[in-house]
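See below for the structure under consideration.
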Amino acid sequence: VIAMSDQLDQLLLRHNPIAGLDEWRPEQRHDVLETVFAATSGRRQAKTGKVVPLVRRGWVLVGGVAAASVVATVASALLPTGAPTGPQTASAALRRLAALAGTQGAAIGTNHYVYNRTRDEQPPEPAADRQSWIAANGDAWFTQADGADTCVDFVHALSGGLDAGAYEDLPLVALSALPTDIAELTSVIDRHPSGDNRGVPNRFIAVGDLLRSSLAPGPLRAAAFGVLANTSGLILDPSAHDGLNRPAIKVTRTEGEWSDSLYLDPDTSRVLQEETQHNGTLNSRAIVLETGPVDSLPHLPQCPNSVVTVGPVGPNGDVTIIGREGS
Amino acid sequence: VARFTEDERWFAGVFGEFSSRVYGYARRHTDAAAAEDVAAETFLVGWRRRDVLPRDDPLPWLIAVARNVLRNRGRRLLRDDQLVAAWAAMQPVAQGGADDQVAERQALFAALTTLTDREREAVLLVGWDGLTAAQAGLATGCSPKAFEVRLARGRARLTRALADGDDSRRMSHRSVIHTGEAT
């Protein structure tokens, strides 16, 4: 895995189109800096060169607020919305969800799809509804905005998903092969981490992926809740409400300035919402609006399937785009 | 130099150290003239918001602003086909030469189109823009943990796509590059 990772890094480095760019000449940069200072203070004028355009108030706010939210350093205590329950009660609540999950096998056939509609929010960007159709083999179709219209984009299943720690992307057959014994599932998760995440954070991610995956069979989802119940450091709020004011059991894991929460339906154990907070402020959330099996794909146009045609390769490896279709 | 206030001296240092990185990030998404504008606007925001610009590590903050400026200028530029076209058009300024290198590069670009937008952004912020995963997480406004997940999935999908080569399924669904004469 390490060798493959190194090879990928080297490949990306070899073909980095911005490596060694020196298009922005030093004198131009100097003029920009002069103009930046002058634009604010009014006591210095740019000598020559490009004039920084007057900035529309809108994007200054958008850019500024977004960046400020990224780097906010105010340390505030992260408090759950309700009084946290004791470990035994939390564990009992998760085991009750496990029992619910174990009775719900939502496996789909080869000609069926799991449909999901979510509302993705990441302030200050506007909320966006997103629909997806997941096939049993893990292939997925996602809606995308195409100007004023909506089209469907296709994404292949991620082969080798378990090696990448991508439990969310596993096909039904791979999910069905995962152990439903809690200790064994914990061991699998620990041995197949997601990125550089390890230990408790990795378990929380993997369980979230498994619970989010509409393809995960009931017994596997039950085991995932078992893993969660055995995971230390979680805060459970049994009387929370999600972004649609639906009653929910909220499970939160905090690390430094960041916290991640799963909102679970107390009646079905389904994931209602996932949320990330930064310094106690909403960073992003995905609210599940609708989910269930369907037997067909949507009657929406496929997103533009453009073909970029490039000219003959030049002596220095340069290519020129000479035609494009379909976009 | 004596004309500068202490704030201006500090900001000039930030500009000197990071303007090429911000420009490079912008250039990866747009043409040279627009990239200059994006970089200039980014530093204008940085100067106006210098009260919140992190002194210890300003790059993620600057990239976050540049990212927003780019988005406000034209989201459609970020579509797969346009990205690939833009990168292909940048080849004269990239390294390369031998035919096998060109083929490798085109295979990489084609493989990159198989990633989701978020996965591709994660892979390239680290692989091309040189940000650490922690910095890139800040730049994209997501938690370090979530960014690690996104990055790992993107790298896994990219590795798989490269291994699969010129997959006929991908050709039927995603952007592809053909080399040859115009039709």
Side-chain angles (χ1 to χ4, degrees), chain A residues 4 8-9 11-12 14-19 21 23-24 29 32-33 36-37 39-40 50 52 55 59-60 62-64 66-68 70-71 122 154-156 158-160 164-166 194-197 201 205 258 276 283-284 304 306-310 313 316-319 321-324 327, chain B residues 8 12 15 19 23-24 27-28 32 36 40-41 43-45 47-49 52 54 61 64-65 68-69 72 81 84-85 87-94 96-97 99 101-102 105 108 114 116 127-128 138 141 143 145-146 148-149 151-153 155-157 159-160 173 175-179 182:
Chain A
M4 187 176 294
L8 190 60
D9 289 337
L11 177 64
L12 285 164
R14 273 201 300 278
H15 299 294
N16 184 351
I18 57 174
L21 276 182
E23 300 171 331
W24 203 16
R29 295 190 201 191
V32 166
L33 185 58
V36 164
F37 288 153
T40 309
K50 184 181 292 294
V52 177
V55 179
W59 74 250
V60 170
V62 169
V70 166
V71 299
Q122 187 169 14
F154 174 82
V155 177
H156 273 301
L158 177 55
S159 304
S194 191
D196 286 342
N197 293 300
I205 291 166
W258 295 90
T276 299
N283 173 260
S284 63
S306 67
V307 175
V308 177
T309 303
V310 296
V313 177
N316 297 318
D318 57 307
V319 292
I321 297 172
I322 52 181
R324 192 184 311 177
S327 57
Chain B
E8 288 173 337
F15 185 87
S19 57
Y23 172 81
R27 183 67 178 90
R28 185 158 71 70
E36 283 186 27
E41 290 172 13
F43 280 94
L44 183 57
V45 172
W47 175 242
R48 287 180 169 172
R49 298 302 309 273
V52 295
W61 194 98
V65 174
N68 284 326
V69 172
N72 281 279
D81 56 335
V84 172
W87 296 337
M90 290 172 69
Q91 291 317 300
V93 297
D99 286 351
Q101 287 180 307
V102 174
R105 182 162 55 227
L108 173 63
T114 68
T116 66
W128 280 358
L138 286 171
S143 71
K145 176 176 69 64
E148 282 288 354
V149 173
L151 179 63
R153 290 180 183 171
R155 292 174 65 90
R157 196 183 300 280
T159 301
R160 175 58 58 184
H173 290 291
S175 304
V176 293
I177 300 177
H178 292 315
T179 302

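Note that the structure is a prediction, hence the values are computed from the model and not measured. Labels below follow one simple rule: chain letters A, B, ... track the order of the sequence lines, proteins then strands, and each chain is numbered from 1.
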* Structure fact -> Residues B:A12 and A:L33: closest non-hydrogen pair is CB-CD2, 3.8 Å
* To do: Give a yes or no on whether the backbone of B:G141 and the side-chain of A:Q122 come within a donor-acceptor separation of less than 3.5 Å.
  => yes
* Structure fact -> Output for pair (B:R105 CZ, A:N16 CG), nearest 0.5 Å, gives 11.5 Å
* Full working for side-chain contact (heavy atoms from CB on, under 4.5 Å) between B:F43 and A:V32 -> CA-CA 9 Å; B:F43 280 94; A:V32 166; 5.5 Å; no
* Asked: Could you state the interatomic distance from CG (A:L8) to CG (B:L108), rounded to the nearest 0.5 Å?
  -> 8.0 Å
* Interatomic distance, B:K145 atom NZ to A:T276 atom OG1 [nearest 0.5 angstrom] -> 6.0 Å
* Option that, when pairs with chain A are counted at under 4.5 Å, heavy atom only, ranks first among B:S19, B:A146, B:G127 -> B:S19
* Asked: If you look at every heavy atom in B:S143 and A:W258, which pair is closest and at what distance?
  -> CB-CE3, 3.3 Å
